[in-house]
Amino acid sequence: MIYLDNAATTRTAPEVVEAMLPYFSELYGNPSSIYSLAGKSKEAIDKARAQIANVIGAKPEEIYFTAGGSEADNWALKATFEYFKGKGNHIITTKIEHHAILHTCEYLEKLGARVTYLDVDKDGLVDIEELKAAITPETILISIMFANNEIGTIEPIKEIGEIAKEHNILFHTDAVQAFCQVPINVDEMHIDMLSSSGHKINGPKGIGFLYIRKGVKIKSFVHGGAQERKRRAGTENVPGIVGYGKAAEMANASMAERTAKEIELRDHMIERLSNEIPHAKLNGHKTKRLPNNVNFSFEFVEGESLLLWLDQAGICASSGSACTSGSLDPSHVLLAIGLVHDIAHGSLRLTLGADTTLEDVDYAVDKIKEIVQNCRNMSPLYEDYKAGKTKSIIDTQYK
Ligand SMILES: *Cc1c(COP(=O)(O)O)cnc(C)c1O
């Protein structure tokens, strides 16, 4: 099997599993208790908090563990709105955010928030001038993702942070895809809140964190005990936290070398797919791009059938509608970068991982070539194109 869906989730590293195991068995104490068994759990959490804070230049006490990236995103938005709604009700975000942000914004709109969803350009980049123009005295929060999970585009986070700071507006970033893939420093980038998730960095599922800069006063998310400095109650997921800390430490230590290798493989894959498959288009920015992300649209092909054939060939990947699986709506991200429905439907996302090899990439490209051709041979649209009745949309509109 060749796993090229690391943006959906990653394999938990064996070292991470090993680090977690004792906290399921002999070290099962509740960190809030006072005997020494509990102290072991507490120490383990403190260690993980420091390991994670170190990756983004934060202080350990600014890291609040959550049950994942979605919860961290929900917290940042809902609790900011609740705290500041007396001051203003305006939130600025983008059209290409993860649903954990977009659906939370829609929910807040029902509670009286006004949300600006910024457009992005054809590469998925936010326009800084548009951001500036959207700011009003009512603006309480800017939430813009660090890097997009579908097309891999990395946003100008430092510039956005500077603008937020100038206007005294809180800045949150969903960094679930960027954490340990791109160097992040919350002070240099003027980030007030940041979301991340364990299972995207070879850590366990069901654990994430929200970084909240010291002094930022937003509401607590879960009420109950005094855990997470009284802001997110509930007995801690000790094994999950330990695994997350270990995964962050490992992924941070290997970041430079791993991402350099990924970029080489990514660009090799992009080059081969562009050169060897006609009527194909790379989605996302060519260089301002996550090291492990490849996203293509192939004309005259349905993404879903591509995935089924790839599965037959032992390749796991994802298409532009996988995120809202069950629905046939094309991805909101692909529509936001200006793709028409037909082209958005024929899209394929391949996300490399720490152990992806050149052989994996070449095998996948060979298979994709073959499968795209087979799908086209069965397509009535392709038949019309070959008969000269229609033109290729990609060749005429997107090249
Ligand atoms: C995966 C992902 C999330 C959700 O994280 P979970 O831990 O699965 O809840 C949020 N935002 C982005 C950009 C993601 O890629």
Side-chain angles (χ1 to χ4, degrees), residues 3-10 69 94-102 118-126 144-158 160 173-184 194-197 199-202 251 255 258-274 280-298 303 306-307 316-323 330-339 343-344 346-354 356 360-361 364-365 368 398:
Y3 186 78
L4 295 174
D5 203 15
N6 286 279
T9 197
T10 56
T94 76
K95 288 188 176 158
I96 61 165
E97 300 295 312
H98 190 273
H99 285 130
I101 295 289
L102 291 178
L118 295 174
D119 283 316
V120 293
D121 70 7
K122 65 177 185 15
D123 294 324
L125 285 171
V126 165
I144 294 181
M145 69 197 324
F146 206 113
N148 185 268
N149 47 303
E150 292 188 37
I151 56 173
T153 299
I154 299 172
E155 300 297 339
I157 290 301
K158 191 171 174 205
I160 297 168
T173 186
D174 174 340
V176 172
Q177 292 291 337
F179 183 71
C180 292
Q181 283 286 89
V182 184
I184 302 177
L194 176 146
S195 308
S196 162
S197 173
H199 73 101
K200 304 286 174 80
I201 61 156
N202 299 100
M255 180 157 35
R258 173 174 41 86
T259 56
K261 184 192 125 191
E262 281 176 350
I263 287 172
E264 217 170 279
L265 292 178
R266 174 196 76 187
D267 290 346
H268 173 71
M269 191 172 216
I270 290 174
E271 203 175 290
R272 278 202 63 194
L273 290 171
S274 307
K281 172 194 182 300
L282 175 70
N283 295 315
H285 197 280
K286 204 155 191 273
T287 52
K288 291 172 188 163
R289 179 177 200 98
L290 285 171
N292 70 338
N293 176 291
V294 175
N295 187 314
F296 267 85
S297 286
F298 302 108
L306 213 56
L307 289 188
C316 306
S318 147
S319 90
S321 40
C323 278
S331 136
H332 63 285
V333 176
L334 297 179
L335 296 182
I337 60 170
L339 299 193
I343 303 303
S347 79
L348 182 68
R349 180 186 72 182
L350 305 139
T351 41
L352 318 179
T356 306
D360 294 342
V361 166
V365 172
I368 293 166
Y398 298 110

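- Interatomic distance, CZ of R349 versus OG of S331, reported as 9.5 Å (0.5 Å rounding).
- With hydrogens and angles disregarded, no donor-acceptor distance shorter than 3.5 Å links the side chain of R258 to the backbone of E262.
- Under a 3.5 Å cut-off, the side chain of E155 and the backbone N or O of V126 do form a donor-acceptor pair.
- Across all their heavy atoms, D360 and T356 have their closest contact at OD2-CA, 3.6 Å.
- Residue Q177 holds its CD atom at 11.0 Å from CD1 of I154, rounded to the nearest 0.5 Å.
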Give the intermediate values and the outcome of side chain to side chain contact (heavy atoms under 4.5 Å, CB included) for residues T351 and L4. CA-CA 5 Å; T351 41; L4 295 174; 5.8 Å; no
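- Annotation: the span from I201 atom CD1 to Q181 atom CD amounts to 9.5 Å, rounded to 0.5 Å.
- Under the 4.0 Å criterion applied to side-chain N and carboxylate O atoms, K288 and D123 are not assigned as salt-bridge partners.
- With S195 contributing its side chain and D174 its backbone, the two residues share no donor-acceptor pair below 3.5 Å.
- Remark: side-chain polar atoms of Y3 are not paired, donor with acceptor, to backbone N or O of G353 under 3.5 angstrom.
- The minimum heavy-atom distance linking G69 with S197 is given by the pair N-CB, 3.7 Å.
- R266 places a side-chain N or O within 3.5 Å of a backbone atom of R289 that can act as its donor or acceptor partner.
- Considering all non-hydrogen atoms of both residues, T10 and K200 come closest at CG2-O, 3.5 Å.
- We find the CG-CG distance between N6 and N292 to be 6.5 Å, quoted to the nearest 0.5 Å.
- T153 places a side-chain N or O within 3.5 Å of a backbone atom of H285 that can act as its donor or acceptor partner.
- Considering OG1 of T173 and CE of M145, their distance stands at 8.0 Å, rounded to 0.5 Å.
- For the residue pair T94 and E97, a side-chain donor N or O sits within less than 3.5 Å of a side-chain acceptor on the partner.
- Heavy atoms only, all atoms of each residue included: P183 and F146 are closest at O-CZ, 4.3 Å.
- A donor-acceptor pair is defined here as one N or O able to donate and one able to accept, closer than 3.5 Å; no such pair exists between the side chain of H98 and the backbone of V176.
- The CG atom of L350 sits 8.5 Å away from the OG atom of S318 when rounded to the nearest 0.5 Å.
- Contact check for H332 versus L102: side-chain heavy atoms found under the 4.5 Å cut-off.
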Between F296 and N283, is a side chain to side chain contact (heavy atoms under 4.5 Å, CB included) present by the stated rule, with each step listed? CA-CA 5 Å; F296 267 85; N283 295 315; 5.6 Å; no
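- Contact of the L307 side chain with the L348 side chain is registered, since non-hydrogen atoms from C-beta on lie closer than 4.5 Å.
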For L339 and S297: C-alpha separation, side-chain torsions, deciding distance, then whether side chain to side chain contact (heavy atoms under 4.5 Å, CB included) applies. CA-CA 9 Å; L339 299 193; S297 286; 3.5 Å; yes
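- Looking at every heavy atom in both residues, S347 comes nearest to S319 through O-CB, 3.3 Å.
- Of all non-hydrogen atoms in Y398 and G338, the two that sit nearest each other are OH-O, 2.9 Å.
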Show the numbers, then the answer: is there a side chain to side chain contact (heavy atoms under 4.5 Å, CB included) between N295 and K281? CA-CA 8 Å; N295 187 314; K281 172 194 182 300; over 6 Å; no
